[in-house]
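Presented below is the structure to which this report refers.
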Amino acid sequence: MEEYNHKKIESKSQKFWENQGLYRAKDFAKKPKQYILFEFPYPSGDGLHTGHCRSYIALDVAARKKRMEGYNVLFPIGWDAFGLPAENYAIKTGTHPQKTTARNIANFKRQFKSLGISLDWGREINTTDPKYYKWTQWIFLKLFEKGLAYQAEMPINWCPSCKIGLANEEVVSGKCERCGAEVKKKKLKQWMLKITEYADRLIDDLEKVDYPDRVKTQQINWIGKSEGTEIKFKIQSSKQDYIKVFTTRVDTIFGCTYLVAAPEHEIIKNQKLRIKNYKEVKKYLEKSRKKSDLQRTELDKEKTGIELKGIKAINPFNHLEIPIFTADYVLPHYGTGAIMAVPAHDERDFAFAKKYNLPISPVIQNKEIEPKAFTQDGVLINSGQFDNLFSKQARKRMTNYARKQGFGRETVNYKLRDWVFSRQHYWGEPIPLVHCQKCGIVPVPYKDLPIELPYIEKYQPTGTGESPLASIPEWVNCKCPKCGADAKRETDTMPNWAGSSWYFIRYADPHNSKALASKEKLKYWLPVNWYNGGMEHTTLHLLYSRFWYKFLYDINVVPQDEPYLRRTSHGIVLAKDGKKMSKSFGNVVNPDALIEKYGADSLRIYEMFMGPFEQAITWNSNGVIGAKRFLDKVWNIGIVILREPTGNARILRQSHNDKLERLIHQTIKKATEDIENLKFNTAISALMVLVNEMEKQKQKQLSLCDYQLLLKLLSPFAPHIAEELWHKSKNKKSIFEEQWPKYDPKLIKEEKITLVIQINGKVRDKIEVLADISEAEAKKLALKQEKVKKYIEHKPIKKVIFVKSKLINIVV
RNA sequence: GCCGGAGUGGUGAAAUUGGCAAACACGAUGGAUUCAAAAUCCAUUGCCCGCAAGGGCUUGUGGGUUCAAGUCCCUCCUCCGGCACCA
């Protein structure tokens with residue numbers, strides 16, 4: 001057996017494909033279209049690692065198969081190239097992000113090509129290209145025009161020593177990643193997008209699409225719609241002040257023994273003079289201000305809080321005066337920023353009440369509340385006129401009552417918050433707005449787009465929290481588009497998510513300078529048929545892009561209101577140490593060396609064979625050896641077959657021996673279905689079984705027809721070697737212009753099967769029988785078997801269970 | 001704390017969805033080939049008892065349903081992923 005020369009073959013096939021232009025998607029072709037998409041990569045300086053490759057290869061397998069099935073396939077790529085690492089690298093080294101990015105893209109491109117991914121390079125896009133971000137800015141202006149973009153004071157992470165705003169990622173346990181200083185919150189005016197306006201549609205329309213249940217569940221939970229009641233609690237001996245709470249359990253309100261307000265709640269400021277322990281309260285507020293939301297979350301084991309002494313709230317249902325606390329486990333941006341606490345029927349309240357020795361009064365009948373709160377629905381007690389009602393009914397009546405009395409109403413809350421769209425960074429799309437003293441905020445006219453990022457030499461932060469753009473007067477100073485007076489540009493840029501929220505739309509028509517894409521082309525290509533990406537993007541990117549797509553649908557730009565018909569997600573590839581592959585852990589496996597040593601086809605086969613695609617898996621480079629051996633086998637069978645004179649009867653024969661024919665058709669079925677269902681690993685193992693059988697028969701029974709069928713089935717996985725062997729068997733055209741094989745259901749059926757004989761559910765014997773044997777016959781045969789006789793002896797037969805063409809179970 | 005997913009040989013895993021547990025690979029051991037090695041080929045490879053024929057056990061734990069459970073139901077344990085304490 002000889003090894004095939006993968007280096008020679010792979011570069012030869014790659015050149016052939018490039019010359020043929022095989023993977024270029026044709027606009028408006030008559031064939032049915034198929035739009036296959038993976039999340040476009042951020043071109044980092046580390047290049048691709050074997051973890052990235054897995055999902056690209058998987059979609060490439062799908063794309064290649066779809067082409068052979070007669071589809072006009074769009075399989076595009078681009079670069080999500082704005083981002084923090086390039087900017088930080090620029091601050092450190094002075095190298096312009098544009099240069100770094102170009103260098104990284106060239107490296108990624110080389111790697112994609114060396115893997116043999118069948119991308120349409122004619123549609124490559126780059127989010128940092130002004131021709132592209134012109135349309136990102138255009139979409140922002142449309143959002144602004146429709147009132148979906150607004151400004152609000154929002155806190156950012158602020159490092160007082162670096163004098164720079166930090167991303168969450170740059171804050172490591174409350175400290176600045178670079179200098180270690182304590183990170184503070186700093187309030188800044190930020191641009192926000194009203195994604196909450198789309199919350200209901202983002203939930204409801206999930207019904208229209210084919211996403212895995214776990215993805216749908218995550219999105220629904222993230223949006224977190226909950227219907228409940230808002231109740232006003234008056235402050236005792238205060239005319240105007242009150243605290244509004246939101247609750248889904250208004251039925252338990254008679255058990256409310258205290259209120260908790262978020263540290264940011266205005267009541268603390270408003271009642272400052274009456275709060276007797278204000279000094280201590282202030283200390284608590286300062287402490288909690290230093291914590292991120294995440295830290296507040298992490299500290300759940302030790303719930304902290306402090307009573308606002310001197311003021312009391314009045315429960316409007318039973319007029320009891322109850323204490324008010326502030327605690328940082330209550331977040332300011334959910335609901336009303338304050339809660340009513342019912343320790344008897346809420347676990348968190350229960351723990352808090354125990355810690356601070358607060359009364360616990362049950363209002364649901366006959367339920368144990370020790371040692372744990374009873375949190376389910378039940379029949380009300382100690383609730384005045386609402387006694388004996390069941391929770392569900394009580395919620396309705398009590399909400400109605402509150403509305404009539406004017407201290408409450410039915411309301412809906414979402415966990416989802418509006419999208420903070422401003423970044424104080426250089427390397428992002430400039431927000432196309434102008435601040436004019438006279439006219440206020442003025443949008444840049446559409447004809448003046450794009451507002452290009454100026455090319456700068458210094459990336460140092462300004463120290464004021466503004467983006468580095470603020471320190472370029474030539475760029476900042478401009479004329480107001482409305483009145484012509486001196487004005488200043490907005491210096492905030494957009495987040496990374498902006499460009500990635502609509503890139504798949506641009507692939508339909510990437511060079512259009514008149515529109516983000518032409519209507520006709522959008523109609524032809526959209527929506528995306530199959531979108532694969534990581535679970536880590538299920539709640540942010542996926543939701544943001546669905547939001548933008550719906551908005552673009554509303555303003556009549558795109559033809560549907562859902563962008564992706566089918567979403568799948570790959571499991572991450574862990575490094576040998578069981579951790580995520582990451583440069584900081586130093587555990588990254590680069591595909592280049594593996595391609596050099598074993599070839600791209602072997603790497604591809606292993607990546608697909610290593611385990612179930614949707615499950616996380618640990619990388620092991622040794623596995624590539626098995627894949628290489630498999631391909632060597634395919635190569636060597638080919639050598640034997642192709643050496644035979646073409647006139648040879650055996651070689652020409654269409655039909656061969658029955659066993660092989662059956663196996664071939666079974667393999668076609670398995671491979672076809674498995675690829676569609678992301679079961680690449682079992683598709684390959686089926687191919688291995690077929691190849692092992694062909695190997696045995698290569699000298700006698702195997703025909704060229706059989707072998708070519710194998711090559712077609714193998715071609716999506718190992719395209720280079722399949723193409724080469726296809727050409728060796730006197731074909732001029734590409735194997736990818738061939739039809740995907742079809743199986744004959746009649747030929748799949750086994751004639752004979754092994755029938756399992758069980759006695760009392762234990763396997764005792766096996767017999768070869770015709771596949772369609774009847775129960776009576778099977779029973780007769782089974783009872784004749786020596787072993788069976790031995791186990792039955794003289795015991796009476798109680799029952800016989802017969803599963804057609806599988807087993808017979810005799811119960812004695 | 002909440003949500004989601006998963007626990008099967010030395011390793012990655014498979015199991016037609018309730019019907020022969022361990023397919024297909026990696027690794028290991030023995031043999032062939034070789035001056036030698038690599039590569040390749042052949043054989044063995046879940047565990048226990050047994051010289052053998054053969055028998056028993058086995059899918060994180062404990063229980064249940066069933067003629068039959070890796071698969072369904074309940075208990076507990078462990079690991080992975082996500083998170084913005086969702087009131």
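To find a chain, count down the sequence lines: A is the first, B the second, and so on, and within it residues start at 1.
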(Q) Salt bridge or not between A:D251 and A:R395? Use side-chain N to carboxylate O under 4.0 Å. (A) yes
Q | Span that lies between the C1' atom of B:G56 and that of B:A6, in whole angstrom | A | 31 Å
(Q) Please confirm whether the ring centroid of A:F233 lies under 6.0 Å from the ring centroid of A:F317. (A) no
Q | Distance in angstrom units between A:Q666 CD and B:A15 C1', rounded | A | 16 Å
Q) Whole Å only: how far is the CG atom of A:D674 from the C1' atom of B:A15? A) 13 Å
**Q.** Base paired to B:A32 (Watson-Crick or G-U; both N/O distances under 3.5 angstrom)
**A.** B:U40
**Q.** Check: A:Y606 ring centroid to A:W619 ring centroid under 6.0 Å
**A.** yes
Q: By nearest nucleotide on RNA chain B, pick out whichever of A:G623 and A:T248 is the more 5' one.
A: A:G623
Q) NZ of A:K633 versus C1' of B:A25: gap in Å, rounded? A) 10 Å
**Q.** Inter-nucleotide P distance (B:U16, B:C77), Å rounded
**A.** 30 Å
Q: Taking atom C1' in both B:C24 and B:U61, compute the distance separating them and give it to the nearest angstrom.
A: 30 Å
(Q) Is the phosphate of B:A23 approached by A:N692 (side-chain N or O, under 4.0 Å from OP1 or OP2)? (A) no
**Q.** Cationic N near anionic O, under 4.0 Å, A:K679 to A:E673
**A.** no
Q: Name the nucleic acid region contacted by A:V689, choosing base, sugar-phosphate or nothing; use a 4.0 angstrom heavy-atom cut-off, strictly under.
A: sugar-phosphate
Q: Check every strand shown and say whether A:G224 touches a base, only sugar-phosphate, or nothing at a heavy-atom separation below 4.0 Å.
A: nothing
Q. What's the closest nucleotide to the A:I617 side chain, out of B:G19, B:G12, B:G4?
A. B:G12
Q: For B:A22, give its Watson-Crick or G-U wobble partner with both distances under 3.5 Å, or none.
A: none
Q: Tell me which nucleotide among B:G19, B:G27, B:A87 gets nearest to the side chain of A:V803.
A: B:G19
Q | Separation of the C1' atoms in B:A68 and B:C3, to the nearest angstrom | A | 35 Å
Q: Quote, to the nearest angstrom, the P distance that separates B:A53 from B:C42.
A: 25 Å
Q: Taking only the side-chain heavy atoms of A:P612 (C-beta and beyond), determine which of B:A23, B:A25, B:A13 contains the nearest atom.
A: B:A13
(Q) Is the phosphate of B:A14 approached by A:N681 (side-chain N or O, under 4.0 Å from OP1 or OP2)? (A) yes
Q. Using the P atom in both, what is the distance from B:G10 to B:G18, to the nearest Å?
A. 29 Å
Q. Of the candidate nucleotides B:A87, B:C20, B:A25, which contains the atom at the shortest distance from the side chain of A:F246?
A. B:A87
Q.
By the 4.0 Å heavy-atom rule, please label A:N809 as base, sugar-phosphate, or nothing.
A. base
Q) Between B:U16 atom P and A:H665 atom NE2, what is the distance in whole Å? A) 24 Å
Q.
Tell me the interatomic distance from A:D346, atom CG, to B:C2, atom C1', rounded to whole angstroms.
A. 13 Å
Q) Roughly, in whole Å, what's the span from CD in A:E614 to P in B:A13? A) 14 Å
**Q.** Side-chain heavy-atom pair A:R567, A:V209 within 4.5 angstrom cut-off
**A.** no
Q. B:G30 and B:A39: how far apart are their P atoms, nearest whole angstrom?
A. 15 Å
Q | Watson-Crick or G-U counterpart of B:G50, or none if no pair lies under 3.5 Å | A | none
(Q) Could you check B:G9 for me: syn (within 90° of 0) or anti? (A) syn
Q: State whether A:K799 places a side-chain N or O below 4.0 Å from either non-bridging phosphate oxygen (OP1 or OP2) of B:C67.
A: yes
Q) For B:G81, which nucleotide is its Watson-Crick or G-U wobble mate, given both distances must be under 3.5 Å? A) B:C3
Q | N/O (side chain, A:R629) to phosphate O (OP1/OP2, B:G27) under 4.0 Å | A | yes
Q. Among B:G56, B:G27, B:G19, which is the nearest nucleotide to the side chain of A:R764?
A. B:G56
(Q) Let's test this: given Watson-Crick or G-U wobble pairing with both distances under 3.5 Å, identify the partner of B:U17. (A) none
Q: Write down the distance between CD1 (A:I748) and C1' (B:U16), rounded to a whole number of angstrom.
A: 12 Å
Q) For atom P, what is the distance between B:A14 and B:G64, given to the nearest Å? A) 30 Å
Q.
Of the options B:C26, B:A84, B:C24, whose atoms approach the side-chain atoms of A:F609 most closely?
A. B:C24
Q | Most 5' of A:T682 and A:R214 on RNA chain B, judged by nearest nucleotide | A | A:R214
(Q) side-chain contact (heavy atoms from CB on, under 4.5 Å) for A:V260 and A:T326? Distances and angles first, verdict last. (A) CA-CA 5 Å; A:V260 188; A:T326 183; 5.8 Å; no
(Q) Need one value for A:Y606: base, sugar-phosphate or nothing, where a base atom within 4.0 Å counts as base even if backbone is also close, heavy atoms only. (A) nothing
Q: When you get a sec, tell me which of B:A23, B:A13, B:G82 is the closest nucleotide to the side chain of A:Q218?
A: B:G82
Q: Give A:I684 one of three labels, base, sugar-phosphate or nothing, depending on what nucleic acid heavy atoms sit under 4.0 Å from its own.
A: nothing
(Q) With a 3.5 Å distance limit and no angle check, can you tell me whether A:E227 reaches the backbone of A:V412 through a side-chain donor-acceptor pair? (A) no
Q: Could you tell me whether B:U17 is syn or anti, where syn means a glycosidic angle within 90 degrees of zero?
A: syn
Q) Is any side-chain N or O of A:R417 under 3.5 Å from a base N or O of B:A84, one able to act as donor and the other as acceptor? A) yes
Q) Mind checking whether A:K670 and A:T682 have side chains closer than 4.5 Å, heavy atoms only? A) yes
**Q.** B:U8: pairing nucleotide in any strand, Watson-Crick or G-U under 3.5 angstrom
**A.** none
**Q.** d(NZ, A:K628; P, B:U40) in whole Å
**A.** 9 Å
**Q.** is_close_aromatic(A:F325, A:F352), centroid dist under 6.0 Å
**A.** yes
Q.
Pairing check on B:C72: which nucleotide meets the Watson-Crick or G-U wobble criteria with it, both distances under 3.5 Å?
A. B:G64
